[in-house]
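Each chain gets a letter, A, B and so on, in the order the sequences are listed, and its residues count up from 1.
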2 protein chains.
Amino acid sequence: MSKIKPVRNGTRKDTIIRKAAALFRKKGFVATSMREIADNIGVEASSLYNHIGSKSELLQSICFQVANAFNQQLEEVEQMETPTAKKLESLIRFHIRMMLDNFDEVYVANHEWKQLGEPFLSNFLAQRKQYESRLVELVTTGIRKKELKNIHPHVAVLSILSAVRGLEFWQRHKKEPERPELENNLVNYLLHGITR
Amino acid sequence: MSKIKPVRNGTRKDTIIRKAAALFRKKGFVATSMREIADNIGVEASSLYNHIGSKSELLQSICFQVANAFNQQLEEVEQMETPTAKKLESLIRFHIRMMLDNFDEVYVANHEWKQLGEPFLSNFLAQRKQYESRLVELVTTGIRKKELKNIHPHVAVLSILSAVRGLEFWQRHKKEPERPELENNLVNYLLHGITR
DNA sequence: TCACAAAACTAACACTTATTAGTTTTTTTA
DNA sequence: TAAAAAAACTAATAAGTGTTAGTTTTGTGA
């Protein structure tokens with residue numbers, strides 16, 4: 001019937017991925033059918049295959065796009081010439097913004113990576129592991145330099161990552177603390193429990 | 001072929017639910033087929049229906065059994081005559097133990113509740129919301145009594161719940177801090193950032 | 001040992017799934 | 001405006017889904 005509207009500055013493929021991300025987030029990857037995605041765009045399911053290779057490819061795009069964003073930011077922060085606490089704060093704030101600005105995609109990457117097929121699954125998990133290790137390294141360095149409290153680095157890192165992930169629940173209580181205030185509250189709780 | 005072995009002090013239904021929980025955790029609810037569950041037990045898929053009503057019923061059992069456990073513990077803690085921080089610590093420790101001792105079930109309740117059909121979905125979400133509210137109430141009281149730092153209660157509660165949930169990642173680094181040490185580290189991080 | 005109940009089986013059902021082939025319509029390019 | 005490319009369509013396929021009916025096997029209590 002109608003045509004797929006390319007998203008601003010993007011291809012039709014991008015449009016499909018965005019809609020897919022929204023549905024994957026709401027219903028889960030496996031529970032979302034190609035027909036549903038197509039319906040939601042206003043097109044037949046088979047038409048999607050003029051733009052994408054497969055359903056799995058959609059999930060792959062979403063997961064690795066998110067992974068790349070986080071990796072790139074970590075790279076930049078590692079280069080910074082600031083105290084460890086400041087680096088940590090930058091990263092936490094980036095996580096918060098990613099969570100709020102790219103909710104569907106980040107949520108899907110966090111919850112649906114299990115449905116990736118090989119070799120993508122292994123690749124994704126390896127990247128995640130490496131990301132965590134680099135954060136642990138950061139905290140460890142901070143402790144050695146006496147810039148941070150002497151806390152178990154791995155516990156701290158996983159707590160921080162999890163707490164930020166918990167922002168997904170905030171979608172529900174939207175009116176609660178406004179965005180910048182929420183951001184500051186969370187950073188404050190996570191850091192000033194650890195910062196000396 | 002063979003028969004379903006009833007779990008110690010349990011019914012055959014319990015055995016099925018346990019195996020289902022393990023598979024739902026590994027592959028997700030929708031991606032797990034009744035035939036897979038049956039295979040894993042060593043029986044035909046149709047045989048399962050001598051013991052259970054439907055696939056959805058399996059998910060319901062898992063989710064509400066977990067919800068009940070948490071609600072019951074909260075009830076008990078609320079009755080305690082101890083400082084707020086102590087109550088909070090009890091709850092955190094209970095969450096940690098539930099996470100480690102009933103990993104599959106807690107994980108499934110946390111990740112697969114979306115797949116519950118109505119009216120179970122609404123019921124489950126309502127219980128979750130109420131649980132959170134009661135925790136917020138607890139923290140708020142603690143702040144009013146000057147037993148806790150003056151932090152945004154909702155941010156604190158969600159951070160705590162999320163951080164504890166993050167223990168699911170710990171399954172991977174099993175050798176890291178041993179259980180009691182891990183527990184103490186986490187409690188320490190979560191509370192001594194908030195305790196006065 | 002006989003009868004009854006519990007629990008397994010086989011076979012089939014009605015649907016839904018992702019994906020493909022082939023064709024037609026629409027848009028872009030020359 | 002004609003030719004080429006892009007993007008939609010219809011129709012079909014093969015595989016997998018949860019679940020049911022009917023039957024056979026297994027275990028139990030009289």
**Student:** For C/dA6, does OP1 or OP2 lie under 4.0 Å from any side-chain N or O of B/H51?
**Tutor:** no
**Student:** Would you mind telling me which of C/dT20, D/dT10, D/dA7 lies closest to the side-chain atoms of A/R12?
**Tutor:** D/dA7
**Student:** Classify the side chain of A/N50 and the base of D/dA8 as holding, or not holding, a donor-acceptor pair under 3.5 Å.
**Tutor:** yes
**Student:** Between atom CD in A/E44 and atom C1' in D/dA12, what is the gap in whole Å?
**Tutor:**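 Those two atoms, CD and C1', are 14 Å apart.
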**Student:** How long is the line joining CG of B/L23 and P of D/dG18, in whole Å?
**Tutor:**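 So the two atoms are 12 Å apart, to the nearest Å.
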**Student:** Rounded to the nearest 0.5 Å, what separation is found between the CD atom of A/E78 and the OG1 atom of A/T141?
**Tutor:**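 If I round to the nearest 0.5 Å, the distance is 9.5 Å.
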**Student:** C/dA7 P sits how many Å from B/Y49 OH, rounded?
**Tutor:**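 My rounded result for the distance is 17 Å.
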**Student:** Any side-chain to backbone donor/acceptor pair from A/D14 onto A/T11? Under 3.5 Å, distance only.
**Tutor:**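 Side chain of A/D14 to backbone of A/T11, a donor-acceptor pair under 3.5 Å: yes, one is there.
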**Student:** Quick check: on DNA chain C, is the nucleotide nearest A/E36 upstream (toward 5') of the one nearest A/G53, or the reverse? Name the residue that is more 5'.
**Tutor:** A/E36
**Student:** Of the candidate nucleotides C/dA8, D/dT20, D/dA11, which contains the atom at the shortest distance from the side chain of A/S46?
**Tutor:** D/dA11
**Student:** Would B/F70 and B/H95 count as a close aromatic pair, with their ring centres under 6.0 Å?
**Tutor:**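 So the answer is yes for these two rings.
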**Student:** For the pair made of NZ in B/K55 and C1' in D/dT20, what is the distance, rounded to whole Å?
**Tutor:** 17 Å
**Student:** Separation of A/D39 atom CG from C/dA18 atom P, in whole Å?
**Tutor:**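 From A/D39 CG to C/dA18 P: 12 Å.
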**Student:** Roughly how far, to the nearest 0.5 Å, is the CE atom of A/M34 from the CD1 atom of A/I52?
**Tutor:** 3.5 Å
**Student:** Rounded to whole Å, please give me the gap between CD1 in B/I52 and P in C/dA6.
**Tutor:** 18 Å
**Student:** Please list, chain by chain and in numerical order, all residues satisfying side chain to side chain contact (heavy atoms under 4.5 Å, CB included) with A/V77, sequence neighbours excluded.
**Tutor:**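 For A/V77 the side chain to side chain contact (heavy atoms under 4.5 Å, CB included) partners, ignoring immediate neighbours, are A/Q73, A/M80, A/K87, A/S90, A/L91.
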**Student:** Is the B/H111 ring parallel, tilted or perpendicular to the A/H111 ring (thresholds 30°, 60°)?
**Tutor:**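 Tilted.
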**Student:** Between A/N123 and A/P119 (side chain of the first, backbone of the second, donor and acceptor by atom type, cut-off under 3.5 Å), is there such a pair?
**Tutor:**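 Such a contact is absent between A/N123 side chain and A/P119 backbone.
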**Student:** Looking at residues 28-35 of chain A, who's got a heavy atom less than 4.0 Å off DNA chain C?
**Tutor:**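 The answer is A/T32, A/S33, A/M34, A/R35.
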**Student:** Remember a base hit wins even if backbone is also touched, and classify B/S54 as base, sugar-phosphate or nothing at under 4.0 Å, heavy atoms.
**Tutor:**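 Sugar-phosphate: the residue B/S54, judged by heavy atoms under 4.0 Å, touches backbone atoms but no base.
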